[in-house]
Amino acid sequence: MSNFNRTTVTAALIYANGPIHIGHLAGCYLPADIYVRYLRMQKKDVIFVSGTDEHGVPITIKAQKEGKTPQQVVDHYYQVIKDSFEEFGVSFDIYGRTSDPVHHQISQDFFKKLYEEGKFIEETTDQFYDESANQFLADRYIVGECPSCHQPGAYGDQCEKCGTTLSPNELINPKSTLSGNAPILKATKNWFLPLDQWQKSLEGYVSSHPEWKSNVVGQVKSWLQEGLKPRAMTRDLNWGVPIPLPDTEGKVLYVWFDAPIGYISMTSQLTTDWEKYWKAEDSRIVHFIGKDNIVFHCLIFPAMCMAHGEYQLADQVPANEFMNLEGDKISTSRNWAVWLHEYLQDFPGKQDVLRYTLTALSPETKDSDFTWADYQTKNNSELVAILGNFVNRAFVLIDKNFDSKVPEKLSGTGLEEAMMKAVQEIPGNLSQSLENYKFRDALISAMEIARIGNKYLAEAEPWKLMKTDSEKAGTVLNYAVQLVAHAAVALEPFLPFTSQKLFKALGGNQLAWSSIGDFEVIQANQTLENPGLLFEKIEDEVIQKQIAKLQETKKQMELANKKVPEIKETTSFDDFLKMDMRVGQIVAAETVEKSKKLLRLTVDDGIRQRTILSGIAEHFSPEDVKGKQVTFLANLSPRKIMGVESEGMILMAEGQDGELVFLSPSAPVWNGAKIS
Ligand SMILES: [Zn+2]
């Protein structure tokens, strides 16, 4: 880090086509924010840049779905996304948009320089084209039967049923989603970046960064091993940055060409001094992304920058894996997510609790799982019981015994020495974790201060000392206040809202990073302002409500996606009449020896009592079914099962949760009534 004089931190540009959820926050925005806050606390020169990606097919698809223009879609979601980030304290220096004219200009200049220097290959290929819509079709605009699992409705780039990656020409009976017609193949010219020509340089770049995270290196190396191929940097689409060349109407820059340039164009809107953040050799560029963006940030954008020649390559790309929710992949289309705007409605003022939980569960090296039970435990057992409890005890004791003023400190004893020694370890551990992007470990180090504080108070017992030696009690509380200050500083990157409350309580000024471990940082006689309880216990009912909400979502989705079995072959009316279906009453029921599934039912059919064996024992106990009126097939030929003769079959259907349901008459009827 020492060779760099400034740091340019970027966080992935997110498509402006929907609100954001915890997976986004945990994936790259929270780690990036923690990192940037850490650098700012040390007064380092750092800028934090991100924004929305407002081009590409995901935007036009959303617009089509909502019956809006792409511009309306991006205008709406830009604001929604920006607001959510602000509410959660993600402290961008600029949050820009790729639809901005400045961005268009800079992207076009970038493209033009590469074009003029002959860095592209022009190639004419056949692409699917919708004749009635007069438009070339991006992969997502083509659906057809999956060649692998034969599910209809697979997309041109992927079958969502079986997960196979596809290209549109592999689909069986491809159809355009715009018109529903079969597309034709039509020749079109595009500009390709010959990534194969940059393979050697990229290999050199990647191998010069052995410090990159193993999940990043693994993915990049597998791309390089496969061998890079030329990749089209333009697309036939009418939404995006227009190609700055004549006769290219209906073509735009590939969204992954212009999106990373967005980091640069947004920086140019932040400061007139922007070039040094991207071009100077003593500038360090760090891209925070999710694992789905690794190839673009570690290979394609670097190749673009190499071809351009003026821009520095990223020094670090700390990509995270994915965060799941309650054991299931977070999915916008299945509404399986905790949305940030909904979270704030349900948990107002609890931004830091979510930030804390997401950091503690961060998918740093492998996919992780957010559960509401973990959220509750993190809040109740850590934030309330450790941090909140320590801070509260220190403030309450000083309020009560020292008129809310920091007492004088006399020289300490062995207890203080041991406590101070433990604290001295923290700044080093904390910085090492943060600088190696190990935010989970860093959070544990920062919280260690509050753990030390609790242990210290429990051992020193200032509440007892007050009765015998108030000067000694004052000394202990002075030390405790210093520890509160250390915690406020160390936790600022993680819990900025809580830290601000603590800085205010300790006298109003934000304290410097170097204050951690400084036991003179808060002066005696400083008046304190008790911040009140920093965290409150979250009860089981509140958590149950969130889990129930998710379960309801899942149930609705399953019902909506339920595959109704196909209708059987047509049967004749005569055959139907051969079946004698009746209503009867279960008058007795008992389990069948050695069978887990069967119940032996005695059914009153109006004429006599007959025995019917039914495979319902895993769903009903004999007591459940006794007295019920049910429907049954009366003339099914008798069968011997487990030594018992069964005369007929009880009719059942499957319920919403996969349970069995009797088909009972909606009003009582006489036993033996015919069903027709
Ligand atoms: Zn498939």
Side-chain angles (χ1 to χ4, degrees), residues 15 17-18 21 23 27 56-66 125-130 133 135-186 215 218-219 222-223 225-229 231-232 235-237 254-256 290-296 321-337 363 366-367 369 553-568 654 658:
Y15 279 125
N17 68 345
H21 53 63
V57 175
I59 305 290
T60 55
I61 296 237
K62 181 77 174 182
Q64 189 193 2
K65 228 181 241 169
E66 295 194 345
T125 54
D126 285 339
Q127 300 284 334
F128 279 115
Y129 184 83
D130 185 324
Q135 165 173 345
F136 281 98
L137 297 169
D139 296 351
R140 279 264 143 175
Y141 279 111
I142 307 164
V143 292
E145 185 184 321
C146 170
S148 149
C149 74
H150 296 280
Q151 180 78 9
Y155 290 105
D157 56 351
Q158 196 188 29
C159 170
E160 293 197 337
K161 180 80 186 175
C162 69
T164 308
T165 305
L166 300 169
S167 71
N169 53 18
E170 290 175 294
L171 291 176
I172 301 164
N173 293 323
K175 294 252 181 335
S176 161
T177 63
L178 295 176
S179 63
N181 297 335
I184 60 156
L185 282 170
K186 191 172 166 174
N215 57 330
Q219 216 189 96
S222 95
W223 278 80
Q225 263 158 23
E226 267 181 47
L228 301 176
K229 293 171 196 70
R231 195 173 180 107
R235 287 287 190 273
D236 291 282
L237 194 71
Y254 172 41
V255 68
W256 273 110
K291 68 173 164 187
D292 49 338
N293 287 348
I294 289 174
V295 63
F296 303 108
E321 301 287 293
F322 289 152
M323 176 173 269
N324 296 322
L325 169 60
E326 299 282 353
D328 224 335
K329 210 178 149 192
I330 294 180
S331 161
T332 300
S333 57
R334 288 186 296 121
N335 195 24
W336 189 253
K366 56 180 196 303
D367 288 355
D369 193 29
T553 300
K554 183 164 262 183
K555 200 164 140 190
Q556 292 307 323
M557 276 296 152
E558 276 170 4
L559 282 179
N561 292 332
K562 186 119 196 151
K563 234 183 145 204
V564 178
E566 301 220 3
I567 304 287
K568 288 181 190 166
E654 191 192 320

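Read the numbers this way: they start at 1 and go in the same order the structure lists the ligands and their atoms.
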For the Zn ion (ligand 1), count the protein N, O or S atoms found under 2.8 Å away.
4
Determine whether Leu137 and Tyr129 make a side-chain contact, defined as any pair of heavy atoms from C-beta on separated by less than 4.5 Å.
no
Taking 4.0 angstrom as the limit, do Lys329 and Asp367 come out as a salt bridge?
no
Name the one of Leu237, Val255, Asp139 that satisfies side chain to side chain contact (heavy atoms under 4.5 Å, CB included) with Val57?
Leu237
Is there side-chain contact between Leu325 and Trp336, with heavy atoms separated by less than 4.5 Å?
yes
Residues at least two apart in sequence or cross-chain that pass side chain to side chain contact (heavy atoms under 4.5 Å, CB included) with Pro363, listed by chain then number, are Ala26, Asn320, Glu321, Met323, Ser368
Does any N or O in the side chain of Glu226 come within less than 3.5 Å of the main-chain N or O of Trp223, such that one atom is a donor and the other an acceptor?
no
